[in-house]
Peer 1: 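Handing you a structure now.
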Amino acid sequence: MAYIFEEPSRTFNEYLLVPGYSSSECIPEKVSLKTPLVKYKRGEEPALSLSIPMVSAVMQAVSDDGMAIALAQEGGLSFIFGSQTIEDQAAMIRRVKDHKAGFVVSDSNLTPAATLADVLALKEASGHTTMPVTENGRSNGKLLGIVTGRDYRVSRMDPETPVSEFMTPRENLIVGGPETTLKEANDIIWDKKLNSLPIVDAEGNLMYMVFRKDYESHKSNPNELLDSHKRYMVGAGINTRDYAERVPALVDAGVDVLTIDSSEGYSEWQSRTIEWIRAHYGDSVKVGAGNVVDAEGFRFLAEAGADFVKVGIGGGSICITREQKGIGRGQATALIDVARARDEYFAETGIYVPVCSDGGTVYDHHVTLALAMGADFIMLGRYFARFDEAPNNKVVVNGQHMKEYWGEGSSRARNWQRYDLGGKKKGMTFEEGVDSYVPYAGSLHDNVAITLAKVKSTMCNCGALTIPELQDKAKLTVISSTSIVEGGAHDVVLREKASHK
């Protein structure tokens, strides 16, 4: 007969952390959230680490190049969605790497023949007020000048006035060369009282823009996740069908780490994919695998050579795999089981394979619970989909600002490869994800700061200043349904918050 687990399948909502002794040294300002991203041997440092234990999900509604840049600025990492053409995914990777932590590839460009009306339309569409004028109107064209808000007055000019008549011409601009470092660029901006500095190559073609405002942003983000060339780090999702074509293109574009994006990772298809990557790139290309929900699944992927293993089936807010197929496991139980297997594997082999908790994270405190249960980092979809930086549309539903959010298993995503079980048949037979909305929450920076403040505070309550220390010291208790009620406001009539106009 079938094997039956004795322990119930539990979710994060069924657990609480019990406080431990907290010394006067244990304050949030001293907490480090640095965590390994890829496997490493005992006594060695991992090749890649995260400054914060948060990565964005491999989803169309979540992870594009804009999200990747914003999250890397905070110290996390995005896995750009693979349910698009190889060329488009590689282009997103390049845009992240070209951003160069302060060196911005301009996306608001004009030709000299453009008009004031075009300037205003571009400003409305992009929100940008600084617009390079290039010979061909492209971001890498020959620089002829720049238009800023100081170059025109709408009330006194004809909308059809050509840009060439009011732009600041190239000969009047201060520019940097291809060898200019970010520090040098910022020094020029401050010394010359500029708002921006164009960076051009030897032929006078525009390469990047460096903005004064980004200097402040850089200083306010000390945890930025940068590679050895001071470029933002970025990941990408791949599937088990076209990896022989997709992986080389992504590696050429500069991707830092890959992950196999699949609803179920305990399969020969994943081991074949990892085997192909190792045969062609050795250990130079880092690739995670998953998803699994038990020790057997973890052991299989670790032995196949995965650099990290993702845990979770059916726990995502837009995932309906469990109700459609009756397969999966409560996220907390799955994570605890896999983390225990990870520790056993480390004790046996001396190789530490990080575990990523993917799914089931609804509240901020779930992040801390997942870390305490053994996760090295957390993959989040709905959480990031609510922010300005996500590529999904912002809409109004019943008078409330929302953002569209759809699963990779939905018909809208058309990502049949993620649920591929081999064979010749291609396409989706049934959906494993829904198309939905999530409440709009504003900027990523502000929300991540709040979430991490809660995580650090709770870690201090447990007497821990690092994630490994939390996992060593954490005490978890299963809670009853009535204690869940007790944990929120109860037996009172809540006052409505006063509105300030």
Side-chain angles (χ1 to χ4, degrees), residues 8-22 26-35 50-57 71 74-76 223 311-312 315-317 319 329-339 355-387 438-439 441-442 444-490 494:
S9 185
R10 300 189 184 278
T11 68
F12 292 137
N13 269 341
E14 295 176 78
Y15 286 89
L16 283 177
L17 282 158
V18 176
Y21 172 72
S22 181
C26 197
I27 58 175
E29 288 76 12
K30 293 186 178 181
V31 171
S32 169
L33 294 177
K34 187 175 181 180
T35 190
L50 299 166
S51 299
I52 64 172
M54 302 172 78
V55 300
S56 66
L71 186 50
E74 303 300 323
N223 290 324
V311 179
S317 59
C319 185
R329 199 176 190 187
Q331 188 66 13
T333 300
L335 180 57
I336 291 169
D337 193 6
V338 170
V355 165
C356 169
S357 178
D358 178 17
T361 307
V362 179
Y363 304 109
D364 287 346
H365 74 272
H366 287 174
V367 173
T368 321
L369 283 170
L371 295 173
M373 291 173 181
D376 295 281
F377 55 98
I378 322 298
M379 179 170 279
L380 301 150
R382 182 199 61 85
Y383 177 89
F384 288 116
R386 303 172 300 148
F387 303 149
V438 290
L444 179 147
H445 174 77
D446 294 341
N447 283 276
V448 166
I450 293 171
T451 298
L452 295 183
K454 294 178 184 178
V455 172
K456 291 179 178 181
S457 179
T458 306
M459 286 174 64
C460 286
N461 292 147
C462 297
L465 289 173
T466 66
I467 292 172
E469 193 175 7
L470 173 67
Q471 293 166 349
D472 182 57
K473 292 183 174 181
K475 296 180 291 184
L476 291 157
T477 180
V478 176
I479 59 178
S480 67
S481 57
T482 52
S483 64
I484 293 175
V485 174
E486 182 186 61
H490 61 91
L494 294 178

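Source: prediction; values computed, not measured.
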Peer 1: Roughly how far, to the nearest 0.5 Å, is CG of Asp364 from OG1 of Thr451?
Peer 2: 3.5 Å
Peer 1: State, yes or no, whether a side-chain contact exists between Cys26 and Leu465 at a heavy-atom distance under 4.5 Å.
Peer 2: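 Yes. Closest side-chain heavy atoms under 4.5 Å.
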Peer 1: Does Gln471 use its side chain to pair, donor to acceptor, with the backbone of Leu371 at less than 3.5 Å?
Peer 2: yes
Peer 1: Residues in ring pair (Phe, Tyr, Trp, His ring centres under 6.0 Å) with His366, at least two apart?
Peer 2: Phe12, Tyr363
Peer 1: Working note: Val478 + Tyr15, criterion side chain to side chain contact (heavy atoms under 4.5 Å, CB included); need CA distance, chi angles, decisive distance, verdict.
Peer 2: CA-CA 5 Å; Val478 176; Tyr15 286 89; 3.6 Å; yes
Peer 1: For Ala57, which residues count as a side chain to side chain contact (heavy atoms under 4.5 Å, CB included) partner, sequence neighbours excluded?
Peer 2: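 For Ala57 the side chain to side chain contact (heavy atoms under 4.5 Å, CB included) partners, ignoring immediate neighbours, are Met59, Met379.
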Peer 1: If you take all heavy atoms of Leu335 and Ala370, which pair is closest and at what distance?
Peer 2: CD2-O, 3.4 Å
Peer 1: Please report the shortest heavy-atom distance between Ala339 and Met373, naming the atom on each side.
Peer 2: CB-O, 3.4 Å
Peer 1: How close do Val31 and Ala464 get, counting heavy atoms only, and between which atoms?
Peer 2: CG2-O, 4.1 Å
Peer 1: Could you tell me the separation between the CG atom of Leu17 and the CG atom of Leu369, rounded to the nearest 0.5 Å?
Peer 2: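 Interatomic distance, Leu17 CG to Leu369 CG, rounded to 0.5 Å: 5.0 Å.
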Peer 1: Side chains of Lys454 and Thr368, heavy atoms from C-beta outward: is any pair under 4.5 Å?
Peer 2: no
Peer 1: Going from CD1 on Ile378 to CG on Leu50, what distance comes out if it is rounded to the nearest 0.5 angstrom?
Peer 2: 10.5 Å
Peer 1: Answer yes or no: is there a donor N or O on one side and an acceptor on the other, between the side chain of Thr477 and the main chain of Leu16, under 3.5 Å?
Peer 2: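 Between the backbone of Leu16 and the side chain of Thr477 there is no qualifying donor-acceptor contact (under 3.5 Å).
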Peer 1: Between Arg329 (side chain only) and Ser9 (backbone N and O only), is there a donor and an acceptor less than 3.5 Å apart?
Peer 2: no
Peer 1: I'd like to check Thr458 versus His365 (side-chain heavy atoms, cut-off strictly below 4.5 Å). Are they in contact?
Peer 2: no
Peer 1: Can you measure from SG (Cys462) to NZ (Lys475) and round to the nearest 0.5 angstrom?
Peer 2: 8.5 Å
Peer 1: When you measure from the side chain of Ser22 to the backbone of Cys460, do you find a donor-acceptor pair of N or O atoms at a distance under 3.5 Å?
Peer 2: yes
Peer 1: Yes or no on side chain to side chain contact (heavy atoms under 4.5 Å, CB included) for Phe387 and Asn447, after CA distance, side-chain angles and deciding distance?
Peer 2: CA-CA 8 Å; Phe387 303 149; Asn447 283 276; 3.4 Å; yes
Peer 1: Considering residues at least two apart in sequence or located in another chain, which fulfil the side-chain hydrogen bond (donor to acceptor under 3.5 Å, both in side chains) criterion with Lys34?
Peer 2: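 Testing Lys34 for side-chain hydrogen bond (donor to acceptor under 3.5 Å, both in side chains), a comparison that skips the adjacent residues, returns none.
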Peer 1: Phe384 versus Leu71: any side-chain heavy-atom pair under 4.5 Å?
Peer 2: yes
Peer 1: Taking all heavy atoms of Arg382 and all of Val438, pick out the closest pair and write down the distance.
Peer 2: CG-CG1, 3.6 Å
Peer 1: Measure the OG-CG distance between Ser51 and Leu33 for me, rounded to the nearest 0.5 Å.
Peer 2: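 With rounding to 0.5 Å, OG (Ser51) is 9.5 Å from CG (Leu33).
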Peer 1: State the CG-OG distance between Leu452 and Ser457, to the nearest 0.5 angstrom.
Peer 2: 12.5 Å
Peer 1: Take Asp337 and Val311 through the test side chain to side chain contact (heavy atoms under 4.5 Å, CB included) and record every step on the way to the result.
Peer 2: CA-CA 10 Å; Asp337 193 6; Val311 179; over 6 Å; no
